[in-house]
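In what follows, a single structure is set out as structure tokens and then discussed.
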Amino acid sequence: MNPPSSQPKIGEPYTPDYEEPPYSEDGEDLTLIRWMLSLTPLERLQAAQSATQSIMRLKNGRSSTT
Amino acid sequence: MADPRQPDYVAILQTLIKHQVDFIVIGGVCAILHGAPLMTQDVDIVHSRAPDNLPRLLAALQELRAYYRGQGDRRIAPNLSYLASPGHQLLMTTAGSCDILGTITGDRGYEELLPHTEEMLLALDQKVRVLDLPTLIQIKEEVGRDKDKMVLPTLRHTLAEKNKQ
């Protein structure tokens with residue numbers, strides 16, 4: 001089965017076609033903000049909590065071996 | 001028991017809601033609830049110091065086995081008189097750090113902040129009251145600490161994107 005026409009062919013360079021600029025002029029990643037805004041408040045909390053927990057696990061793991 | 005080193009913001013908020021505590025979420029969790037892609041290690045709330053609210057707050061904190069951080073091996077639990085003060089109660093719980101603030105900058109307490117809040121639906125029948133985003137930005141500008149200044153661009157862009165919706 002052929003991939004959808006919007007998919008780049010393997011080996012071809014891919015330049016995403018953003019509907020809106022992905023970054024603000026001062027370098028803020030607006031795609032992350034738009035993604036967060038697409039979630040419910042509970043999902044936003046769970047996403048942030050999961051990210052924080054992952055970092056703390058890495059931090060704890062590193063400190064326990066040094 | 002939950003690991004306090006693994007923060008569980010949802011558990012803290014749901015425990016406060018279960019005990020019908022009147023409170024306003026501020027700080028990093030407030031920013032996250034508004035959609036800002038940030039991380040934080042604690043839940044900051046401003047609570048109502050009305051006499052009928054304090055026993056409900058204390059019951060919620062007891063369920064979370066709250067005690068004061070930074071007291072060495074001592075486990076000092078908050079009590080009603082501490083919670084009635086305008087000061088900051090910096091607590092550790094089974095679900096992570098939780099700061100209970102009587103007032104914030106400008107001597108603003110629950111009643112003063114209430115007009116600048118909105119309710120968000122956390123889950124079915126679980127509403128949480130949060131500081132509105134323009135007021136959160138304004139407070140962080142007023143406080144002006146480095147850690148507040150760092151998140152201001154993200155908060156301002158989040159507000160701008162939110163206003164487009």
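Order of the sequence lines fixes the chain letters, A, B, ..., with proteins taken first and strands second; residue numbering starts at 1 for each chain.
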request  = Against chain A, label B:Met120 side chain, backbone, both or neither, depending on which of its atoms sit under 4.5 Å from a heavy atom there.
outcome  = side chain
B:Leu131 backbone acceptor or donor facing B:His34 side chain under 3.5 Å = yes
inquiry  = Less than 4.5 Å to any heavy atom of chain A: does that hold for the side chain of B:Gln126, its backbone, both, or neither?
reply    = neither
remark   = Under 4.5 Å to a heavy atom of chain B? For A:Leu30 that would be side chain
inquiry  = Given heavy-atom pairs under 4.5 angstrom as the criterion, report whether the side chain, backbone, both or neither of B:Leu38 touches chain A.
reply    = backbone
task = Check each atom of A:Glu43 against the heavy atoms of chain B and say whether the ones under 4.5 Å are side chain, backbone, both or neither.
result = neither
key: Salt-bridge present (B:Asp99, B:Arg69; N to O < 4.0 Å)   = yes
request  = Classify the side-chain pair B:His157/A:Asp26 by whether it contains a donor and acceptor separated by less than 3.5 Å.
outcome  = yes
task = Please determine if B:Glu161 and B:Arg156 form a salt bridge, counting it only when a charged side-chain N lies under 4.0 Å from a carboxylate O.
result = no
ask   = Do B:Tyr9 and A:Thr52 touch side chain to side chain, with heavy atoms closer than 4.5 Å?
value = yes
key: Between A:Leu42, A:Thr40, A:Leu32, A:Ile55, the one whose heavy-atom pairs under 4.5 Å with chain B are most numerous   = A:Leu42
key: Derivation and outcome, salt bridge (charged side-chain N to carboxylate O under 4.0 Å, His left out), residues B:Glu118 and B:Lys127   = CA-CA 10 Å; B:Glu118 59 186 84; B:Lys127 286 181 183 169; over 6 Å; no
note = Given B:Val29, B:Val128, B:Val10, the one with more heavy-atom pairs under 4.5 angstrom with chain A than any other is B:Val10
